[in-house]
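Side-chain atoms are counted along with the backbone in the values below, which use heavy atoms only and exclude waters and symmetry mates. The sequence lines fix the lettering, A, B, ..., with proteins before strands; numbering per chain opens at 1.
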Amino acid sequence: MSTEAEGGSAFNIHPMDQFVIEPLFGDGPISWYTPTNASLWMGLAVLTIIGLLVFGTRGRAIVPSRSQSIAESIYLFVHKMLEDIAGKEGLKYFPYIFTLFMFIVVSNILGLLPFGFTTTSHIAVTATMALAVFVTVTIIGFVKNGAGFFQLFWISSAPLALRPILAIIEIISYFVRPVSHSIRLAGNMMAGHAVIKVFAGFAGALGLGAIAPIIAIMAVYGLEMLVVVIQAYVFTILTCVYLKDALHPAH
Amino acid sequence: MASETTHTAMAPEHYVGMPQLNFDWFGNQIFWLVVTLVVIYFVLVKVAIPRISNVLAERHGAIQGDLDKAEELKAKAVAAEEAYTAALAKARAEAGEIVAAAKADIQKDLDVAIAKADAEIAAKAAESDAAIKEIRDGALAAIKEVANDTAAEIVKAVMPAAEDAKAIKAAVADRLKG
């Protein structure tokens, strides 16, 4: 990185600059309440969600308009996913799952706009959500099942001799969940945007003849369109799976 | 460009390393994330989810209602068809009865008329027979008279001596019989 960052060189690529957090107003230090570019894009995500799910459905039509149809499809998609995985009891948590899905998918898509900032590319954001899911799901597991929640780690279908070893593995995997859950999303978002930025740097260095990097950017951008939605889906479906484990810990 | 200077809140012209791992910014992002999620949660719970689920339930209800109505109308149509068929059969039966009754009436009238006509004809025939008999008797008497007169004249002309009115009459009567 430091070789690339040599000032004045034609080959001047800084793919990580897009992730820097800056205050919106002035140049002061960033304390916990400072409005930053991250808070701006989170606010835009909120506005987009309101626009789609509230403004878009204002007709309440039996035969839906286009925007209402999109809102209904997303609603049914998340609702069905939660019901299929966690069952009827899981539907009680639908608003939380829907909130997570909407925030992630809208933030991911907004991050693909030129000059956009991807809030979900930050581990602070994804780890907060993943830890919230982890803590909530663990509490639900113990509240609903009491000590029966430990059945999740004690696999009764395995031979007795293997069970302690499996229990250790299961416990480790349980505590790794929030880590993988958060890094998967942040890593995917960061990698895709960094790659686009690197190709953009190539294009900048080549000037007008930069056909290959531009084609590469288009290809990666197309791939990213897919990835952002899939990663939102993956985050949500894993949340549903963890919720199912909490509701029905027995294997 | 030393990496120590870049890890400040005020980004220099180019950032070195991963901005994601700058812990100075974590509190800020977590705060705004929580605000964002809470806002989204309340928007969804208060407005979006009830509205969308209402619309979906309403649509489901409307479709179900339409299907039920269609089923009902179909049943009604079948019932109407059955009623129509029954009415038609009844009307046919009634028409048959009426035709039979009319036929019987006509037959009765006809029988009476025929009987009356027969009686009249018989009376007329008897009358005619009597008239014919009278005429025939008249004719017979006339023939006898003419025959008697003629025979008497002939006898007078041929042999005047033998003029015997009684004998001539007897002879004519005897001939007319044979």
Side-chain angles (χ1 to χ4, degrees), chain A residues 1-2 5-7 12 14 16-23 27-36 38-39 42-43 45-46 49-50 52-54 57-58 60-64 68 71-72 75-76 79 94-96 98-100 102-103 107 119 121-125 127-129 132 186 190, chain B residues 1-70:
Chain A
M1 187 69 90
S2 57
E6 220 68 63
N12 214 351
H14 307 286
M16 304 311 273
D17 279 9
Q18 59 178 319
F19 302 117
V20 171
I21 296 201
E22 290 156 342
D27 269 350
I30 294 171
S31 53
W32 60 271
Y33 55 84
T34 314
T36 58
S39 32
M42 286 179 189
V46 172
I49 291 168
I50 291 174
L52 182 62
L53 294 187
V54 176
T57 59
R58 71 195 178 285
R60 294 179 179 84
I62 293 285
V63 179
Q68 190 185 330
E72 283 173 10
Y75 175 96
L76 286 176
H79 199 268
F94 175 65
Y96 303 99
F98 200 29
T99 302
L100 276 182
M102 287 314 295
F103 173 70
S107 299
T119 51
S121 68
H122 275 264
I123 202 81
V125 170
T128 305
M129 291 191 290
M190 188 189 78
Chain B
M1 208 179 247
S3 66
E4 296 85 60
T5 59
T6 60
H7 273 286
T8 60
M10 290 159 66
E13 57 267 37
H14 296 301
Y15 197 89
V16 176
M18 279 177 68
Q20 280 88 346
L21 295 181
N22 185 338
F23 292 100
D24 294 345
W25 296 338
F26 267 44
N28 178 275
Q29 291 188 73
I30 291 168
F31 168 70
W32 285 108
L33 172 70
V34 170
V35 170
T36 305
L37 289 180
V38 167
V39 171
I40 294 173
Y41 176 79
F42 277 103
V43 167
L44 291 184
V45 168
K46 296 288 170 198
V47 189
I49 291 178
R51 185 185 289 179
I52 295 174
S53 62
N54 273 348
V55 166
L56 291 174
E58 215 169 279
R59 180 173 312 144
H60 188 259
I63 290 170
Q64 199 57 47
D66 284 356
L67 287 178
D68 288 351
K69 210 189 252 171

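- The shortest distance between side-chain heavy atoms of A/Leu53 and B/Leu44 falls below 4.5 Å.
- Summarising the geometry of B/Ile49 relative to A/Pro95, their closest heavy-atom pair is CD1-CA, 3.8 Å, with the distance given to 0.1 Å.
- Minimum interatomic distance between B/Ala48 and A/Val54 (heavy atoms only, all atoms of both residues): CB-CG2, 4.4 Å.
- At a 4.5 Å heavy-atom cutoff, the contact between A/Ile62 and chain B is made by backbone and side-chain atoms alike.
- Looking only at side-chain heavy atoms (C-beta outward), B/Met18 and A/Phe19 stay at 4.5 Å or farther from each other.
- Looking at B/Arg51, the atoms closer than 4.5 Å to chain A (heavy atoms on both sides) all sit in the side chain, from C-beta outward.
- One finds a salt bridge joining B/Arg59 and A/Glu72 here, because a Lys/Arg side-chain nitrogen approaches an Asp/Glu carboxylate oxygen to under 4.0 Å.
- Residue contact with chain B, scored on non-hydrogen atoms closer than 4.5 Å, is absent for A/Ala132.
- Contact of the B/Phe26 side chain with the A/Thr128 side chain is not registered, since no non-hydrogen atoms from C-beta on lie closer than 4.5 Å.
- In this structure, chain B has heavy atoms under 4.5 Å from both the backbone and the side chain of A/Ser121.
- Once rounded to the nearest 0.5 Å, the distance linking CZ of A/Arg60 with CD1 of B/Ile52 reads 11.0 Å.
- Residues A/Pro64 and B/Val55 are not in side-chain contact: their nearest non-hydrogen atoms beyond the backbone lie 4.5 Å or more apart.
- Interface remark: A/Thr57 contributes backbone and side-chain atoms alike to the contact with chain B (heavy atom separation under 4.5 Å).
- Here the straight-line distance linking atom CZ of A/Phe103 with atom OG1 of B/Thr36 works out to 5.5 Å at 0.5 Å rounding.
- For A/Leu52, no part lies near chain B; criterion is any non-hydrogen pair under 4.5 Å.
- Applying the ring-ring contact (aromatic ring centres under 6.0 Å, His included) rule to pairs touching residues 30-51 of chain B yields A/Trp32-B/Phe31, A/Tyr96-B/Tyr41, sequence neighbours excluded.
- Inter-residue side-chain proximity for A/His122 and B/Leu33 is flagged as unmet; no heavy-atom pair is nearer than 4.5 Å.
- Using a 4.5 Å heavy-atom cutoff, the side chains of B/Ile40 and A/Phe98 are not in contact.
- Interface remark: of the candidates B/Val34, B/Val39, B/Leu37, B/Leu37 forms the most heavy-atom pairs closer than 4.5 Å to chain A.
- Most heavy-atom pairs under 4.5 Å with chain A, from the set B/Val47, B/Leu56, B/Ile63: that is B/Leu56.
- Residue A/Gln18 does not touch chain B at all, counting heavy-atom pairs closer than 4.5 Å.
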